[in-house]
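Read the numbers this way: they start at 1 and go in the same order the structure lists the ligands and their atoms. The figures here come from the full heavy-atom set of this structure, side chains too, leaving out hydrogens, waters and symmetry mates. Keep in mind it's a predicted model, so treat the numbers as computed, not measured.
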Amino acid sequence: MTPEEFFYNVFEFLPRQGPGCTGATRKAYSYLPPIPGDAKILDIGCGSGTQTRDLAGLTSNTITAVDNHQPFIDAIAAQAQKDGMAGRIRAVCASMDTLPFEPGQFDLIWSEGAIFITGFEQGLRAWKPLVKKEGFIVVSDAVRFEADPPVELMQYWEKLGYPLLSEQERVEQIQREGLRFIAMYRLPEAGWWENFYVPMLARVAELRKTYGNDPTLAAILDSFELEVEMYRKYKWYFGYTFFVMQNP
Ligand SMILES: C[S@@+](CC[C@H](N)C(=O)[O-])C[C@H]1O[C@@H](n2cnc3c(N)ncnc32)[C@H](O)[C@@H]1O
């Protein structure tokens, strides 16, 4: 098994692939004005689609869910069929860096816990042209809450290649990309545990029984546990924040 296959062997078994919860999706959505029934929504980096289905429950719109991992796309399509939502949820396997859509066709872009993959500013720059004038973008991303967080935490994120910025610095990036900042909302702690870290730790413990003696795979399991430990230790200093913005 390659490290990438092993990585997905953890994530395919989780209800979500990043921190989040239905209540937070709802709360972030509540900052938007009412969206017309024929509006089109694009969910980028949708994973197995929990927030896609939450959005479908909040709106009567059509949602295009995009991820580059085909098994997630197949799972979303199968679930939509089961839920009688196949007419409203379309799942597309594509890279967020080269999205196969014409400019200006979406009223709302939604992306939970995925913009870090391409980079916050780069993602906004690449995705903004896909949104209609006066359309909206909502993303959640990791930020620091305090001016001076512990060195261990900052070094951990720097090693990941994604230095933790403050919410204000993110807002400035939004404005530099020519977007109008509307609101932000911090993901509550429950959103880290219930559907993400609790099932992740259980899956890691399960896989350790079989793969614990393989140094490469055990190191991947260690990295998941370290991530959880960083959150447990430093959750007052950082977290995920939703940013709600408009293409003026
Ligand atoms: C941290 S997960 C978040 C998933 C989901 N939004 C959630 O909150 O549960 C990031 C997702 O982005 C997908 N991904 C990674 N690189 C990608 C890329 N270049 N293009 C599209 N999706 C990508 C992964 O397969 C994964 O499902």
Decide yes or no on side-chain contact (heavy atoms from CB on, under 4.5 Å) for Phe6 and Leu221, but give the supporting numbers first. CA-CA 9 Å; Phe6 192 63; Leu221 297 176; 3.7 Å; yes

Close-contact set for ligand 1 against Gly47 heavy atoms, below 4.0 Å: 4 (C), 27 (O)

Pairwise side-chain contact, Pro3 with Thr216, heavy-atom cut-off 4.5 Å (strictly under): yes

Under 4.0 Å to a heavy atom of Gln51 - the qualifying atoms of ligand 1, by number: 5 (C), 6 (N), 7 (C), 8 (O), 9 (O)

Side chains of Ile137 and Leu179: does their closest heavy-atom pair fall under 4.5 Å? yes

Can you pull out the closest protein heavy atom to atom 9 (O) of ligand 1? Residue, atom name and distance to 0.1 Å, please. Gln17 N, 2.9 Å

Proximal ligand 1 atoms for Ala94, defined as those under 4.0 Å from one of its heavy atoms: 20 (N), 21 (C)

Under a 4.0 angstrom heavy-atom cut-off, which atoms of ligand 1 come close to Ile117? 10 (C), 12 (O), 14 (N), 15 (C), 16 (N)

Is the terminal nitrogen or CZ of Arg186 (NZ for Lys, CZ for Arg) located under 6.0 angstrom from the six-membered ring centre of Phe145 and within 45° of that ring's axis? yes

Where do Gln70 and Asp74 land on the side-chain hydrogen bond (donor to acceptor under 3.5 Å, both in side chains) test, with the steps shown first? CA-CA 6 Å; Gln70 185 68 49; Asp74 295 341; 2.8 Å; yes

Identify the protein heavy atom lying closest to atom 22 (N) of ligand 1, giving its residue, its atom name and the separation to 0.1 Å. Asn68 N, 3.3 Å

Can you figure out which of Glu112, His69, Met96 has its heavy atom closest to atom 20 (N) of ligand 1? Met96

Passes side-chain contact (heavy atoms from CB on, under 4.5 Å), Phe136 versus Tyr29? Steps please. CA-CA 10 Å; Phe136 298 90; Tyr29 188 83; over 6 Å; no

What is the closest protein heavy atom to atom 13 (C) of ligand 1, and at what distance does it sit? Asp67 OD2, 3.2 Å

Quick check: Tyr8 and ligand 1, any N/O pair under 3.5 Å apart? yes

Record the part of Cys46 in heavy-atom contact with ligand 1 below 4.0 Å; permitted values are side chain, backbone, both and neither. backbone

Run the numbers for me: atoms of ligand 1, each under 4.0 Å from some heavy atom of Gly45, listed by number. 3 (C), 4 (C), 5 (C), 6 (N), 11 (C), 12 (O)

Charged tip of Arg144 within 45° of Tyr237 ring normal and under 6.0 Å: no

Numbered in order shown, the ligand 1 atoms found under 4.0 Å of a heavy atom of Gly18 are 7 (C), 9 (O)

Please work out, at 4.0 Å between heavy atoms, whether the side chain, the backbone, both, or neither of Phe72 comes within that distance of ligand 1. side chain

Can you confirm if the NZ or CZ of Arg16 lies within 45° of the ring axis of Phe196 and under 6.0 Å from the centre of its six-membered ring? no

Are Asp141 and Arg170 ion-paired here, with the side-chain N under 4.0 Å from a carboxylate O? yes

